[in-house]
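In what follows, a structure is listed as C-alpha cells, so that the remarks can point back to it.
Indexing begins at 1, ligand by ligand and atom by atom, following the structure's order. For the numbers below, each heavy atom of this structure counts, side chains included, while hydrogens, waters and symmetry mates do not.
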Amino acid sequence: MNILLLGSGGREHALAWKMAASPLLTKLWCAPGNAGIAQEAECVALDITDHAAVIAFCKANGIDLVMVGPEAPLAAGIVDDLAAAGIKAFGPSKAASQLESSKGFTKDLCKAANIPTAAYERFRDADAAKAYIRNQGAPIVVKADGLAAGKGVVVAMTVAEAEAAIDMMLGGGFGAAGAEAVVEEFLEGEEASFFVLCDGDHALPLVAAQDHKRAFDGDQGPNTGGMGAYSPAPVMTDAMIARTMDEIITPTLRAMKAKGMPYKGVLFAGLMITKNGPKLIEYNARFGDPETQVLMMRMMSDLVPALQASVDGQLNNFDLRWYPEPALTVVMAAKGYPGDYAKGTLIEGLGEAGKVEGVEIFHAGTKSDGGKILANGGRVLNVTATGATVSEAQRRAYEAVDRIKWPEGFCRRDIGWQAIAREKQK
Ligand code: AMP
Ligand code: GLY
C-alpha cells in the first residue's frame, strides 16, 4: 500500500514510525513532515490546504490511503474532497468533525442524547453572558466556540476573570472562532484522554492516556497543547472504560448517525473522571498530541489494518493488541512556549539520547539543515520511553533528555507524577 500522511508534529512522527513498521506498507509519504518524519517517510512540500493539489498528488503516486493527522484539514473537509475523488482517507467528514470544531454543536448533542458533560449556556451577547456568570458564580469555565489551537479555554477562578474572558472572546480576541462563547460548569476530578476508532457504526476503544497541559512543573503556568503524557491512565479502569463507552461514546455515535453525519476516524474524548463517573470535557476529531506518542509505543498490532477497517466500516469484531508495559513521553519545547519563542536553534546529542534502553525520540517541530537538526516550532521533541513501571519509563525518558544538548529548550521534570505517586503507595 502507498500511504500519504498529512501533518508535521510529534503525533505524525509517531504515526509514521508505527505505519513504517507495517508489512502492508509499500511506500509512505508525509506532507509537510519534519526532520524526524523524514527518517520514516518521504517528506513532500505539498500545501495541504490546497485540496486539489493533495488529490493530484494522490493520483500521481497511486496513494491507497490518506491518514489525516491534525484537525484543521478535517474541519476544512479534506476527507470529503478526497472521497469525492475516489481516494480513501482516514478521519471524519467535515460535518462529523464539528464534534471538535464547534463546542456548541457538541454541547447541544450531549444535551439531546443525555451524555454526561458540564452544564452550559451558549452566548453571543457579552452582557447576557456576564449576567449568567454572576448568577452561577466561580469557578466557572469560558470557551470560544470554534478552533483556537487549544488556547480557547479559560478556567476562571473568579467572576472577574470569567467576565474578562467574555470581553476578550466576544470582543474578537480569537477572531471568528470566538464569535460565540460557551460558559460551563467547572468540573472537579482527574482528567483522562480516551480514544476510540470509529467506522460510523462501531467503536473500538484504544488504551487511555493522561496528558499534562500546563507549561510548568506541579501543573503550574499557562495551558499548552500538552507537555507530556503517559499510558495507561490509572483512573481508566475497565469499569470506567465500560461506563465511558455506554454513557458517552455509544450515544454519540448513535446521535451522529441519526443526524446523517456518521462518525469515522478516531474520536478523542477529553474526560473528567468525577466522583459521579466520567463526564465529557470535549471531543477532538483526531489523535492527541502528545498522547499518540505513548499509544503508538504500546500498540502491538499493526496500525494500518485498523485504519483501513475504520474507513471501510469493518471495525465490528476488529481487535487490537497492546503491550502491557507503560509508556511515557516528555515534551521538549522552545523556551518561551506557549508564548513567543526563537526558531532555528541547534539541537545536538539526539543519537546518544536515542541509545537509552526503551527510548524513541519523536520530532515535533524540527528541520534539518545540512545534517544539523534545528528547532522549528514551540513543541520540538517528544522523548518517549517504555518501562516495566511508569517510574522506570520516566527515569529512562529523563536519562535521554539529559543527553540532549539544546540550551534554548526546556521541559517539565515531573511528567507522570500522578501515576508515580500511585506506584509509590503500593
Ligand atoms: P479543552 O480545550 O476543552 O480540553 O480545555 C482545556 C483544559 O481546560 C482541559 O484539559 C481542562 O483541564 C480544563 N477544562 C475545560 N473544561 C473544563 C471544565 N468544565 N471544568 C474544569 N476544567 C475544565
Ligand atoms: N494533548 C491534547 C490534544 O491533543 O488536544
For ligand 1, which atoms sit closer than 4.0 Å to a heavy atom of [X]?
X	result
V155	8 (O), 13 (C), 14 (N)
E184	16 (N), 17 (C), 18 (C), 19 (N)
V153	1 (P), 2 (O), 3 (O), 5 (O), 8 (O), 15 (C)
K103	3 (O)

Inset, instruction - Applying side-chain hydrogen bond (donor to acceptor under 3.5 Å, both in side chains) between T117 and each of E185, K107, K279, E184, report the one that passes. - result: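 Answer to the side-chain hydrogen bond (donor to acceptor under 3.5 Å, both in side chains) test with T117 among E185, K107, K279, E184: K107.
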
Inset, instruction - For P290 and ligand 2, answer yes if some heavy atom of the residue is under 4.0 Å from a ligand atom, otherwise no. - result: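 Contact present.
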
Which atom of [X] lies closest to which atom of [Y], heavy atoms considered:
X	Y	result
I48	G7	CD1-N, 4.4 Å
G9	I37	O-CD1, 3.9 Å
P305	L24	CG-CD1, 3.7 Å
A353	I361	CB-CD1, 3.6 Å

Inset, instruction - Sequence neighbours left out, what pairs pass ring pair (Phe, Tyr, Trp, His ring centres under 6.0 Å) with at least one residue falling in residues 223-249? - result: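 Ring pair (Phe, Tyr, Trp, His ring centres under 6.0 Å) check on residues 223-249 returns H212-Y230.
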
Inset, instruction - Tell me which protein heavy atom sits closest to atom 2 (C) of ligand 2, plus the residue, atom name and distance to 0.1 Å. - result: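 Result for atom 2 (C) of ligand 2: D211 OD2, 3.3 Å.
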
Inset, instruction - Begin with the C-alpha distance, continue with both residues' side-chain angles, and end with the deciding distance and a verdict on salt bridge (Lys or Arg N to Asp or Glu O under 4.0 Å) for E408 and K335. - result: CA-CA 6 Å; E408 294 82 7; K335 281 181 185 162; over 6 Å; no

Closer than 4.0 Å to some heavy atom of [X] - which atoms of ligand 2 meet that?
X	value
R286	3 (C), 4 (O), 5 (O)
E291	1 (N), 2 (C), 4 (O)
G288	4 (O)
G225	1 (N), 2 (C)
K213	2 (C)

Inset, instruction - Check each heavy atom of D211 against ligand 1 and say whether those closer than 4.0 Å belong to the side chain, the backbone, both or neither. - result: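 Within the 4.0 Å criterion, D211 makes no contact with ligand 1.
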
Inset, instruction - Measure I281 to ligand 1 on non-hydrogen atoms and call it side chain, backbone, both or neither using the 4.0 Å cut-off. - result: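 Side chain only.
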
Legend entry - Salt-bridge contact E163-R134 (side-chain N to carboxylate O under 4.0 Å):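 A salt bridge links E163 with R134.
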
Legend entry - Heavy-atom neighbours of D340 CG exceed 12 at 6.0 Å: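 No, not enclosed.
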
Inset, instruction - Supply the atom-to-atom distance L204 CG to L197 CG, rounded to the nearest 0.5 angstrom. - result: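 Here the rounded value is 5.5 Å.
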
Inset, instruction - Work out whether the distance between some heavy atom of K143 and some atom of ligand 1 is less than 4.0 Å. - result: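 Under 4.0 Å: yes for K143.
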
Legend entry - Under 3.5 Å: N/O of V141 near N/O of ligand 1: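 No; the residue has no nitrogen or oxygen that sits under 3.5 Å from a nitrogen or oxygen of the ligand.
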
